Amino acid sequence: MTDNPIRVAVLGPRGRMGAQTVRAVEGAPDMDLVATVGSGDDLAAVVDAKADVVVDFTRPDVVMDNLRFAVDNGLHAVVGTTGFTEERLAEVRGWLAGKPGIGVLIAPNFALGAVLAMRFAQQAAKFYASAEVIELHHNRKADAPSGTAAHTAGLISQARAAAGLAPGSDATTSELDGARGATVGDVRVHSVRLPGLVAHEEILFGAEGETLTIRHDSMDRVSFMPGVLLGIRQVPNRPGLTVGLEHVLDL
Ligand SMILES: NC(=O)C1=CN([C@@H]2O[C@H](COP(=O)(O)OP(=O)(O)OC[C@H]3O[C@@H](n4cnc5c(N)ncnc54)[C@H](OP(=O)(O)O)[C@@H]3O)[C@@H](O)[C@H]2O)C=CC1
Ligand SMILES: O=C(O)C1=N[C@H](C(=O)O)C[C@H](O)C1
């Protein structure tokens with residue numbers, strides 16, 4: 001136990017990630033779990049409990065309301081919930097402009113290996129015109145493609161554009177709807193859903209006579225917890241909006 005533990009509230013505590021986060025916070029010697037808010041519960045509980053940091057693992061359709069409430073009430077937030085478009089991020093920056101000391105960390109993926117895989121993909125992108133992303137998840141996942149895959153595709157698109165590299169083409173002229181996946185930026189993203197999986201991503205690059213595959217596997221949701229706890233510890237010292245754990249890890 002430390003003298004001034006960080007007072008943490010978890011939103012979505014009955015969910016797969018929320019339950020794991022509750023256990024991780026309860027096990028952290030420098031944190032106190034002071035509130036949990038599930039669907040149907042009153043968010044005001046986090047203010048009543050004098051939380052310092054709110055952690056959100058809920059759903060894309062409710063996360064913006066939760067985050068707005070946290071920022072309006074002067075609470076820092078660590079957000080793992082997916083669904084953050086550029087428009088949503090701009091909206092969050094707008095709220096934070098009126099709240100100078102408040103920090104919000106939104107991370108598409110809290111697993112160290114996933115963050116590294118995204119960074120490696122970003123580094124490789126300027127050397128390969130052709131890249132595709134395959135993400136594989138458990139069949140209870142609500143969204144597709146995954147937030148991680150969308151973020152990875154965005155990074156590849158940006159890195160290629162910055163290097164003046166046009167995306168590679170292929171010869172497909174006839175295809176069944178969806179067979180070539182969804183397009184994010186200018187990268188094809190393919191989503192697999194199967195019971196037995198947790199969270200997995202492959203980033204494939206191709207050039208004449210070679211391919212490069214970067215793969216990350218989360219076999220257990222404990223893989224996300226060191227990143228979540230690090231985010232909780234760091235977010236009070238990072239006013240404004242931080243997108244991606246790579247900034248906190250100082251990669
Ligand atoms: N960034 C990262 O590293 C990771 C991010 N994720 C993302 O986190 C999110 C949650 O994933 P997961 O835990 O698997 O999903 P679950 O469906 O297991 O959990 C979501 C939980 O949110 C609760 N909920 C719904 N509405 C509200 C609300 N208004 N207030 C509070 N709680 C609410 C639900 O409650 P109820 O059960 O009562 O409906 C449910 O328990 C997803 O967007 C997922 O993609 C997942 C893994 C890692
Ligand atoms: O829903 C999940 O499980 C996950 N969601 C995040 C995403 O959409 O990228 C992170 C990880 O892939 C697990």
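All of these numbers come straight from a predicted model, not from anything done at the bench. One-based numbering, in listed order, for ligands and for the atoms of each.
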Chemist: Would R59 count as a polar contact of ligand 1, with the cut-off being nitrogen or oxygen pairs under 3.5 Å?
Modeler: no
Chemist: Is atom 17 (O) of ligand 1 touching the protein, meaning some protein heavy atom lies under 4.0 Å away?
Modeler: yes
Chemist: Rounded to the nearest 0.5 Å, what separates atom CG in L43 from atom CG in N73?
Modeler: 9.0 Å
Chemist: Between A111 and ligand 1, which part of the residue brings a heavy atom under 4.0 Å of the ligand: side chain, backbone, both or neither?
Modeler: neither
Chemist: Heavy atoms, side chains only, cut-off 4.5 Å: are W95 and I102 in contact?
Modeler: no
Chemist: Using distance alone, decide if ligand 1 has a nitrogen or oxygen within less than 3.5 Å of any nitrogen or oxygen in L11.
Modeler: no
Chemist: If you count the atoms of ligand 2 from 1 in the order shown, which ones are under 4.0 Å from a heavy atom of H137?
Modeler: 2 (C), 3 (O), 4 (C), 11 (C), 12 (O), 13 (C)
Chemist: Starting at CZ of F57, measure out to CG of N66 and round the result to the nearest 0.5 Å.
Modeler: 13.0 Å
Chemist: N109 heavy atoms, cut-off 4.0 Å: which ligand 2 atoms fall inside?
Modeler: 10 (C), 11 (C), 12 (O)
Chemist: Considering only the protein, which heavy-atom contact is closest to atom 38 (O) of ligand 1, and what is its distance?
Modeler: S39 OG, 2.4 Å
Chemist: Judging by distance only, is a nitrogen or oxygen of K141 under 3.5 angstrom from one on ligand 1?
Modeler: yes
Chemist: Which atoms of ligand 1 have any heavy atom of R14 under 4.0 Å away?
Modeler: 38 (O), 41 (O)
Chemist: What atoms of ligand 2 come closer than 4.0 angstrom to any heavy atom of S146?
Modeler: 7 (C), 8 (O), 9 (O)
Chemist: If I apply the N/O under 3.5 Å rule, does F110 come out as touching ligand 1?
Modeler: yes
Chemist: Atoms of ligand 1 less than 4.0 Å from G12 heavy atoms?
Modeler: 22 (O), 23 (C), 31 (C), 32 (N)
Chemist: Answer with side chain, backbone, both or neither: which part of P108 has a heavy atom less than 4.0 angstrom from an atom of ligand 2?
Modeler: backbone
Chemist: Are S146 and E201 linked by a side-chain donor-acceptor pair shorter than 3.5 Å?
Modeler: no
Chemist: Working to the nearest 0.5 angstrom, can you tell me the gap between Q123 CD and L155 CG?
Modeler: 11.5 Å
Chemist: Using a 4.0 Å cut-off to any heavy atom of N109, which atoms of ligand 1 qualify?
Modeler: 1 (N), 2 (C), 3 (O)
Chemist: In the protein, which heavy atom is nearest to atom 3 (O) of ligand 2, and how far is it?
Modeler: H138 NE2, 3.0 Å
Chemist: Inspect the surroundings of CG in N4 and state if more than 12 heavy atoms from other residues, nucleotides or ligands are less than 6.0 Å away.
Modeler: no
Chemist: Between F224 and ligand 1, which part of the residue brings a heavy atom under 4.0 Å of the ligand: side chain, backbone, both or neither?
Modeler: side chain
Chemist: Any salt bridge linking K50 with D48? Criterion: basic side-chain nitrogen under 4.0 Å from a carboxylate oxygen.
Modeler: no
Chemist: What's the spacing between H137 NE2 and L194 CG if we round to 0.5 Å?
Modeler: 12.0 Å
Chemist: Salt bridge or not for E135 and K141, using N-O below 4.0 Å?
Modeler: no
Chemist: Give the residue, atom name and distance (to 0.1 Å) of the protein heavy atom nearest atom 21 (C) of ligand 1.
Modeler: F57 O, 3.9 Å
Chemist: To the nearest 0.1 Å, how far is atom 43 (O) of ligand 1 from its closest protein heavy atom, and which atom is that?
Modeler: T82 OG1, 2.7 Å
Chemist: Which distance, rounded to the nearest 0.5 Å, do you find between the OG of S130 and the CZ of R188?
Modeler: 11.5 Å
Chemist: Quick one: do D170 and R180 make a salt bridge, cutoff under 4.0 Å?
Modeler: yes
Chemist: With no hydrogens and no angle check, just 3.5 Å: does a side-chain donor-acceptor pair link S157 and D186?
Modeler: yes
Chemist: Of all the non-hydrogen atoms in the protein, which one sits nearest to atom 41 (O) of ligand 1, and at what distance?
Modeler: G15 N, 3.0 Å
Chemist: Should one rank L136, T148, V198 by closest heavy-atom distance to atom 9 (O) of ligand 2, which comes out on top?
Modeler: T148
Chemist: Hey, what do you get for CZ (F224) to CG (L229), rounding to the nearest 0.5 Å?
Modeler: 13.5 Å
Chemist: For atom 31 (C) of ligand 1, grab the closest protein heavy atom and report residue, atom and distance to one decimal in Å.
Modeler: V37 O, 3.2 Å
Chemist: With a 4.5 Å heavy-atom cut-off, do T36 and V22 have their side chains touching?
Modeler: yes
Chemist: Examine G147 against ligand 2 and note whether any of their N/O atoms are separated by less than 3.5 Å.
Modeler: yes
Chemist: Take atom NZ in K126; do more than 12 heavy atoms of anything else shown fall under 6.0 Å from it?
Modeler: no
Chemist: State, yes or no, whether a side-chain contact exists between M31 and I232 at a heavy-atom distance under 4.5 Å.
Modeler: yes
Chemist: From atom 30 (N) of ligand 1, work out which of A107, G38, G18 has a heavy atom at the shortest distance.
Modeler: G38
Chemist: For ligand 2, which atoms sit closer than 4.0 Å to a heavy atom of A199?
Modeler: 11 (C), 12 (O), 13 (C)
Chemist: Under a 4.5 Å cut-off applied to non-hydrogen side-chain atoms, are L89 and I106 in contact?
Modeler: yes
Chemist: Looking at T82, which atoms of ligand 2 are within less than 4.0 Å of one of its heavy atoms?
Modeler: 6 (C), 7 (C), 8 (O)
Chemist: Nearest to atom 7 (C) of ligand 1, what protein heavy atom do you find, and at what distance?
Modeler: G80 O, 3.5 Å
Chemist: Measure V62 to ligand 1 on non-hydrogen atoms and call it side chain, backbone, both or neither using the 4.0 Å cut-off.
Modeler: side chain
Chemist: Check this for me - ligand 1, R16, N or O atoms closer than 3.5 angstrom, yes or no?
Modeler: yes
Chemist: At what distance is the nearest protein heavy atom to atom 47 (C) of ligand 1, and which residue and atom is it?
Modeler: M17 CG, 3.3 Å
Chemist: Look at atom 10 (C) of ligand 1 and say which protein heavy atom is nearest, naming residue and atom and giving the distance to 0.1 Å.
Modeler: T58 O, 3.2 Å
Chemist: Quick test: of every protein heavy atom, which one is nearest to atom 1 (O) of ligand 2, and how far off is it to 0.1 Å?
Modeler: K141 NZ, 2.8 Å
Chemist: Should we say atom CD of E210 is surrounded by more than 12 heavy atoms from elsewhere, each under 6.0 Å from it?
Modeler: yes
